[in-house]
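Here is the structure we will look at.
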Amino acid sequence: MTSFSIEPMTATVGVEIEGIDLAAPIGDWVARSLRQALHRHGVLIFRDQIAMTRAHQADFARIFGDIVRSPLGLIADPDVVEIVHDETRPPTENIWHVDHSFSPAPPRGAVLRAIELPTAGGDTLFADMRIVWRRLPEAVQTALRGLDAVHDIAKFAPAACAAELRTAAPPTCHPVMKVHPATGEEILFVNEAYTTGFDGLDEKDGTVLLGYLLDQIRIPEVQCRLRWHPGTIAVWDNRSMQHYATSDYFPQRRVMDRVTIA
């Protein structure tokens with residue numbers, strides 16, 4: 001039986017896990033423990049995984065669930081999407097978001113691996129939406145229960161391609177308060193990148209309410225911040241976390257490999 005240690009990143013969210021070689025086979029006990037840790041802490045960080053390959057990364061992701069293949073997946077490694085930003089491809093992930101919240105069934109999570117990094121910058125921040133929900137006044141929670149939010153892939157898209165995007169992925173509604181299927185915890189499920197308003201709510205009132213809720217995500221007490229190094233692996237629970245990839249390194253180069261969990 002493999003033993004490992006868990007070190008909190010903050011008092012509230014995220015942990016660094018030491019003592020596991022992710023390039024080696026992972027036994028059932030470790031896999032079960034890591035799933036439990038992900039449900040509890042939201043974000044798992046593994047350092048110095050230099051021996052890890054794309055095949056290892058995909059195998060590791062499978063302990064958390066099935067893999068979703070993207071049309072952007074690599075030909076040689078279709079489970080993996082390579083994310084490259086440099087002077088010709090500026091970063092675009094610098095906004096708080098839930099991956100694919102515009103989908104009727106957003107991904108469970110993702111495994112992200114640092115390949116090439118700038119000399120400084122490019123950190124990723126995570127916000128725990130369970131904590132955000134718990135911090136809301138009871139009266140606000142009561143008002144939000146039973147309310148649905150609209151999520152739109154084309155919220156910030158150029159007008160020229162917005163209609164095409166919405167045809168491929170029509171706007172969808174999700175409850176503003178979701179329940180985590182593994183833990184039963186309540187989660188605030190709105191985000192800046194894709195949430196546009198609330199079903200059945202006056203647009204003006206909806207704009208004020210959404211602005212208030214998005215402000216709660218920016219509070220440092222609900223966040224942790226990851227500084228990447230080559231060989232760093234991050235796993236996050238897309239159901240309870242939001243993330244924000246800082247773009248302060250532009251025009252330097254940053255390369256990451258990503259595997260998405262269904």
Subject >> Side chain proximity check, Met9 to Ile45, heavy atoms < 4.5 angstrom >> reply: yes
Original post:
Is the shortest distance from a Lys or Arg side-chain nitrogen in Arg130 or Glu186 to a carboxylate oxygen in the other one below 4.0 Å?
Top reply: no
Subject >> Any donor-acceptor N/O pair, His85 side chain to Arg89 backbone, under 3.5 Å >> reply: yes
Original post:
Only one of His41, His180, His39, Met129 clears side chain to side chain contact (heavy atoms under 4.5 Å, CB included) with Ser240; which?
Top reply: His180
Original post:
Hey, is Glu93 close enough to Arg254 for a salt bridge, meaning N to O under 4.0 Å?
Top reply: no
Subject >> Geometric class of the Trp96/Tyr244 ring pair [parallel <30°, tilted 30-60°, perpendicular >60°] >> reply: tilted
**OP:** Tell me, with the steps shown, if Thr124 and His243 meet side-chain hydrogen bond (donor to acceptor under 3.5 Å, both in side chains).
**Re:** CA-CA 7 Å; Thr124 299; His243 58 287; over 6 Å; no
Original post:
Is any NZ, NE, NH1 or NH2 atom of the basic residue among Asp215 and Arg218 found under 4.0 Å from an Asp or Glu carboxylate oxygen of the other?
Top reply: yes
**OP:** Answer yes or no on whether Lys178 is positioned over the face of Phe189, meaning its NZ or CZ is under 6.0 Å from the six-membered ring centre and within 45° of the axis.
**Re:** yes
Subject >> Thr12 (side chain) donor-acceptor with Glu221 (main chain) under 3.5 angstrom >> reply: yes
Subject >> Close side-chain approach of Phe102 and Pro170, heavy atoms under 4.5 Å >> reply: no
Original post:
Is any side-chain heavy atom of Gln141 closer than 4.5 Å to a side-chain heavy atom of Trp133?
Top reply: yes
Original post:
Are the side chain of Gln49 and the backbone N or O of Arg47 linked by a donor-acceptor pair below 3.5 Å?
Top reply: yes
Original post:
Do NZ/NE/NH1/NH2 and the carboxylate oxygens of Arg108 and Asp237 come within less than 4.0 Å?
Top reply: no
**OP:** State whether Glu82 and Arg54 are salt-bridged, where the test is any N-O pair (Lys NZ or Arg NE/NH1/NH2 against Asp/Glu carboxylate O) under 4.0 Å.
**Re:** yes
**OP:** Compare all side-chain heavy atoms of Asp99 with those of Trp236 and state whether any distance is below 4.5 angstrom.
**Re:** yes
**OP:** In plain terms, say whether Arg135 and Asp128 are close enough for a salt bridge, that is, a side-chain N and a carboxylate O under 4.0 Å apart.
**Re:** no
